[in-house]
Protein chains: 2
Amino acid sequence: MVRGRPRSFDRIETLDQILALFWREGFDGASMQQIADAVGVSKPSLYDAFGNKESLFLAALARYADRDGQRQIAALEAEADARLAVLGLLNAMVDSSPICGSPAGCMVVASASLCAASHIPEAVQGAVRSMLDRSTEALARRFERAACDGDLPPGADPRAMAAYFGTLLCGLGVQARAGASRDAMRQVVTSAMGTWPPGHHRTQP
Amino acid sequence: MVRGRPRSFDRIETLDQILALFWREGFDGASMQQIADAVGVSKPSLYDAFGNKESLFLAALARYADRDGQRQIAALEAEADARLAVLGLLNAMVDSSPICGSPAGCMVVASASLCAASHIPEAVQGAVRSMLDRSTEALARRFERAACDGDLPPGADPRAMAAYFGTLLCGLGVQARAGASRDAMRQVVTSAMGTWPPGHHRTQP
DNA sequence: CTCTAAAGCTACCGATCGGTAGGAAATTCA
DNA sequence: TGAATTTCCTACCGATCGGTAGCTTTAGAG
């Protein structure tokens with residue numbers, strides 16, 4: 001056992017609350033005092049547990065990737081039909097708001113605009129861009145596999161489709177954060193998928 | 001003539017500089033001191049000329065609407081072929097970065113994420129959302145006209161198309177701000193327009 | 001029970017935030 | 001040349017920012 005006084009709060013649980021705050025308010029919109037109040041811990045305890053604000057944000061972003069990102073990627077891989085897989089991703093973005101206490105949209109998309117300002121630490125900007133790239137690459141991998149399965153519309157380029165749907169997800173993320181209605185967003189998803197008729201999957205000849 | 005000491009700076013010219021700063025750094029990323037230094041004017045002069053920070057941002061946003069928004073809407077209306085009109089809008093977003101000293105993307109899209117934080121003045125959040133809505137409505141008007149002209153793909157719903165392309169523009173705005181390459185963005189535009197083959201316009205039977 | 005190590009807190013640091021008081025400078029009107 | 005008016009700037013306000021010094025409290029090791 002480790003010596004010393006044990007920590008009075010759960011690190012992961014606390015990180016989930018902090019994540020939600022950064023998500024809603026942005027990197028410099030959420031002050032350390034506000035965060036400390038929200039999790040019911042004094043400010044120095046935050047610094048003891050997570051370092052400075054930059055490393056705290058990076059930890060929250062990593063937690064988001066582990067919790068939400070991995071889940072989405074797993075769902076993307078698990079669905080056998082590529083069209084249904086990407087449709088599930090788009091619908092998840094549409095339905096994102098009230099699933100739990102999380103804000104609407106996607107934390108990475110929100111942070112992409114929030115963290116482009118020059119005074120944001122370089123490491124934070126880099127982490128956000130890296131996660132945006134990794135999302136597009138996850139899509140590309142899924143579409144490459146679909147191409148091998150003969151599961152793509154004829155003549156479709158997997159990487160181009162990944163860039164396209166990645167951009168569309170960013171757009172939906174902005175709309176969700178701006179308070180767009182679910183109906184409007186569903187309409188967008190329908191329009192975007194309308195060009196990709198079902199039935200290409202090899203199990204649906 | 002008005003009595004009193006004449007203003008030493010041009011209001012519109014100054015507003016253009018301030019607009020660019022808000023665009024890059026966001027509402028609270030750009031401090032009044034930073035703005036004053038950038039335009040070469042003392043801080044109290046800013047308050048004399050524009051009121052407080054909130055009204056200064058609203059003035060900058062209105063200037064953006066007059067300068068860039070109106071130009072895009074005019075181009076959208078001027079192009080007779082609806083497909084070419086929306087293609088021009090998408091390409092303008094792709095090419096937005098180095099046209100002048102302006103940052104990449106679109107100020108409204110950037111502000112949509114930046115101004116969703118709870119500590120941003122209500123009027124600012126409302127103005128941003130209103131401009132986002134007005135953009136979609138401008139697209140809808142253009143597509144309604146195209147529907148009358150028989151200039152839309154068969155069975156297309158003008159309002160759904162407006163929501164779709166509006167969302168796509170938001171996505172491109174995020175990508176541009178996140179530093180996506182022009183080639184990747186062009187690929188996205190190609191994918192998005194690929195489903196809308198040319199030749200529907202009545203002058204191209 | 002004592003010592004050590006880790007975590008808790010109050011109270012504070014300098015810097016910067018948005019915003020303003022109050023006087024000097026510049027211009028028109030009489 | 002005054003008086004009136006408007007803009008300019010230096011210097012300052014309280015509040016809040018990220019971050020920390022230093023003491024107290026809680027635990028295990030001996």
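Letters A, B, ... mirror the listed sequences (proteins, then strands); counts begin at 1.
A salt bridge is defined here as a Lys NZ or Arg NE, NH1 or NH2 lying under 4.0 Å from an Asp or Glu carboxylate O, and B:R145 with B:E77 meets this definition. Between B:D95 and B:R186 there is a salt bridge, since at least one side-chain N of the basic residue sits less than 4.0 Å from a carboxylate O of the acidic one.
Summarising the geometry, the separation between CD1 on A:I35 and P on D:dG19 is reported as 11 Å, rounded to the nearest angstrom. Summarising the geometry, the separation between CG on A:L56 and C1' on D:dG18 is reported as 12 Å, rounded to the nearest angstrom. Per the geometry, OH belonging to A:Y47 stands 18 Å off P belonging to D:dG22, to the nearest Å.
Annotation for B:V124 and B:C115: closest pair CG1-SG, 3.7 Å, computed over non-hydrogen atoms.
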Which letters describe nucleotides 8-17 of chain C, given B = protein heavy atom under 4.0 Å from base, S = only from sugar-phosphate, - = neither?
SBB------S

Check residues 37-48 of chain A and write down every donor-acceptor pair under 3.5 Å in which the side-chain atom is one partner and the other belongs to a residue at least two apart or another chain.
{"unit_1": "A:D37", "atom_1": "OD1", "unit_2": "A:Q33", "atom_2": "NE2", "d": "3.2"}
{"unit_1": "A:S42", "atom_1": "OG", "unit_2": "A:S45", "atom_2": "OG", "d": "3.2"}

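Listed by first and then second residue, the side chain to side chain donor-acceptor pair (under 3.5 Å) pairs involving residues 113-123 of chain A are A:D28-A:H119, A:S118-B:E25 (not counting sequence neighbours).
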